[in-house]
Number of protein chains: 2
Amino acid sequence: MTGLSDLAAAPQPSRARRGEGDRTRQAILRAAEELLIESGSQEQVNIRAVAERVGLTPPAIYRYFSDKDHLLFEACGQYFDDFEDEVINPVLRTTDDVIEALRRIAEGYVRFGLHHPEHYRIMFMLHHDHTPEQYADDRVVETGSFGSTAALVQRGVATGQLRGDLDVAALTWALWAGLHGLVALAVAKPNMPGPPIDQRVAAMIDVLMDGAAPR
Amino acid sequence: MTGLSDLAAAPQPSRARRGEGDRTRQAILRAAEELLIESGSQEQVNIRAVAERVGLTPPAIYRYFSDKDHLLFEACGQYFDDFEDEVINPVLRTTDDVIEALRRIAEGYVRFGLHHPEHYRIMFMLHHDHTPEQYADDRVVETGSFGSTAALVQRGVATGQLRGDLDVAALTWALWAGLHGLVALAVAKPNMPGPPIDQRVAAMIDVLMDGAAPR
DNA sequence: CTGTTCAGCTAACGCTGTTCAGTTAACACG
DNA sequence: CGTGTTAACTGAACAGCGTTAGCTGAACAG
């Protein structure tokens, strides 16, 4: 056992220095995420495996995370915080057309989910008993991503590009839920037969956008 | 411990008779399902709890089910086998209109899922590593329910009631995935704010059906 | 040098799904 | 009625999990 070799490049630091607990914390998060991506299953990301990868013993993890759920959600949450910057904002910056913006955000959302399937599972498909407070159900819709999209839908309704006979919130929900269904099915049942995923994505977005348009 | 008192109404049968293993099997399934409904969480349905409820010891379960996943899926599968008889067939029997039929099936699907949330989780939202072969991904779309719906969509396309510019399979997928997203979100994040569930269901079905209609 | 505190370890608990080897009870047959 | 067979079941245990209690040692402040 080399000690915290993964933590810093120092030769043989037997432990982190006084104020460097945050560095250990980040190392734990990184190890958990690596395990999540490598194994593709949250169950493989167990405390002992994470501890071993960081070069610690299992109880040391609990100095930084209250339990496994918090560790897992925080590891995944980092990704989803990036969604607004990586997908939504670029789209908003490069187009003023509501329809085009929504289509591109939809594509980005699906791509994002399919690219991080296990992250997606943990964030959106886990039993809510396992969801830490800071990621509670009601917090999800308070994210900038949801707000930005809702604002976009509202603008579309105002300009007549989207149907006005439905509650704006309900319409936004429908669009999101539709995309979520696509991703969730692909994540949970990746071996389903049927049209290739790209075709399914295209069809879903077509149906949703046409369904959201005025008749 | 009264023995298999839940199994039969007999006074004190200390164990099942020679050929009555199937009865024990059914009792185990029933106990598992009861626990699932009562606790609302698959984790609470552990082998020891199931065994205790049936009046057996844990190892006895493994004489009837190879592991917990098989037990859980079989307990849930019973419900979904009923879906075709309870929802789809009555609809097909009482209407010839494709649009109306699809709308009513959609409503039935959502209602069905929301009424058995934990069953729905296990069947459609679990990691596929935990899915027994007999419930494998590719089997899902081979169910009568999916086939009936696909046939309905096909008929709608043929009669011009549904859009013909998309692959029929892809269109069916989109409709299903949309409903799945609604149910999956409600199941996983039941405390989300936003419009009441009935309004969300109505909006989703409106969007999907309008999106599936020819323009 | 001394007291404090952070960082981490050792050991263990309780729970889980699961297995192995043995036991009991029901039945068929001579 | 006794005896062999076998289905049904038990007791004890294993390995793995998340987690906790209590201790140790290094790092720093005074």
Side-chain angles (χ1 to χ4, degrees), chain A residues 1-8 10 12-28 31-32 35 39 41-73 75 126-127 129-130 132, chain B residues 1-8 10-28 31-32 35 39 41-73 75 122 126-127 129-130 132:
Chain A
M1 193 80 61
T2 59
L4 300 177
S5 58
D6 297 26
L7 239 164
Q12 284 188 358
S14 58
R15 79 166 61 180
R17 297 221 185 121
R18 255 291 174 93
E20 299 193 339
D22 281 351
R23 198 165 295 227
T24 307
R25 202 187 137 88
Q26 287 305 315
I28 294 171
L35 280 168
S39 70
S41 159
Q42 52 163 338
E43 296 169 18
Q44 302 297 320
V45 187
N46 55 67
I47 300 290
R48 284 171 174 83
V50 172
E52 188 184 9
R53 180 162 294 217
V54 186
L56 296 174
T57 56
I61 306 291
Y62 290 87
R63 196 160 288 275
Y64 301 97
F65 300 93
S66 58
D67 54 36
K68 185 184 173 180
D69 290 332
H70 282 81
L71 168 57
L72 232 43
F73 266 82
L126 235 52
H127 200 285
D129 286 358
H130 285 343
Chain B
M1 191 83 59
T2 59
L4 300 178
S5 58
D6 298 26
L7 240 164
Q12 282 190 359
S14 58
R15 80 165 62 180
R17 296 219 187 122
R18 256 287 173 100
E20 299 194 338
D22 281 352
R23 198 166 296 226
T24 307
R25 201 187 138 87
Q26 288 304 316
I28 294 171
L35 280 168
S39 69
S41 160
Q42 52 164 336
E43 296 168 19
Q44 302 298 319
V45 187
N46 56 66
I47 299 292
R48 283 170 175 83
V50 172
E52 187 184 9
R53 179 162 295 217
V54 187
L56 295 174
T57 56
I61 307 290
Y62 291 87
R63 194 161 290 276
Y64 302 98
F65 301 92
S66 58
D67 55 35
K68 183 183 174 180
D69 290 333
H70 282 81
L71 168 57
L72 233 43
F73 265 82
I122 291 171
L126 235 51
H127 200 283
D129 286 359
H130 285 343

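So you know, we letter chains A, B, ... as the sequences are listed, proteins then strands, and number each from 1. Since the structure is predicted, the reported quantities are computational estimates derived from the model, not experimental observations.
- Summarising the geometry, the separation between CG on A:Asp22 and P on C:dC6 is reported as 13 Å, rounded to the nearest angstrom.
- Straight-line distance from the CZ atom of B:Arg63 to the C1' atom of C:dT23: 12 Å, rounded to whole Å.
- Of the possible polar contacts, one joining the A:Arg25 side chain to the A:Tyr64 backbone as a donor-acceptor pair under 3.5 Å is found.
- A:Glu52 has its CD atom 16 Å from the P atom of C:dG8, to the nearest Å.
- Residue A:Thr57 places no side-chain N or O under 4.0 Å from the OP1 or OP2 atom of C:dA7.
- Counting to the nearest Å, the P atom of D:dG11 and the CD1 atom of B:Ile61 are 14 Å from each other.
- A straight line from CZ of B:Arg25 to P of D:dA7 spans 16 Å, rounded to a whole angstrom.
- Across all non-hydrogen atoms, the minimal contact from B:Ile61 to B:Ile47 is CG1-CG2, 3.9 Å.
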**Q.** Under 4.0 Å protein heavy-atom contacts per nucleotide of nucleotides 13-18 of chain C, with B for base, S for backbone only and - for none
**A.** ---BBB
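- Rounded to a whole Å, the NE2 atom of A:His70 is 15 Å from the C1' atom of D:dG18.
- Contacts of B:Phe73 classified as ring pair (Phe, Tyr, Trp, His ring centres under 6.0 Å), with partners at least two apart in sequence or in another chain: B:Tyr135.
- One interatomic measurement links the two molecules: CZ of B:Arg23 to P of C:dA26, which rounds to 15 Å at whole-angstrom precision.
- Residues B:Ser39 and B:Val45 come closest through the heavy atom pair OG-CG2, 4.4 Å.
- For the pair A:Leu56 CG and C:dA7 P, the computed distance is 11 Å after rounding to whole Å.
- A donor-acceptor pair under 3.5 Å links the side-chain atoms of B:Asp67 to the main chain of B:His70, judged by distance alone.
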Q. Can B:His130 and B:Gln42 be said to form a side chain to side chain donor-acceptor pair (under 3.5 Å), step by step?
A. CA-CA 13 Å; B:His130 285 343; B:Gln42 52 164 336; over 6 Å; no
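- When Watson-Crick and G-U wobble pairs are counted only if both distances are under 3.5 Å, D:dG30 pairs with C:dC1.
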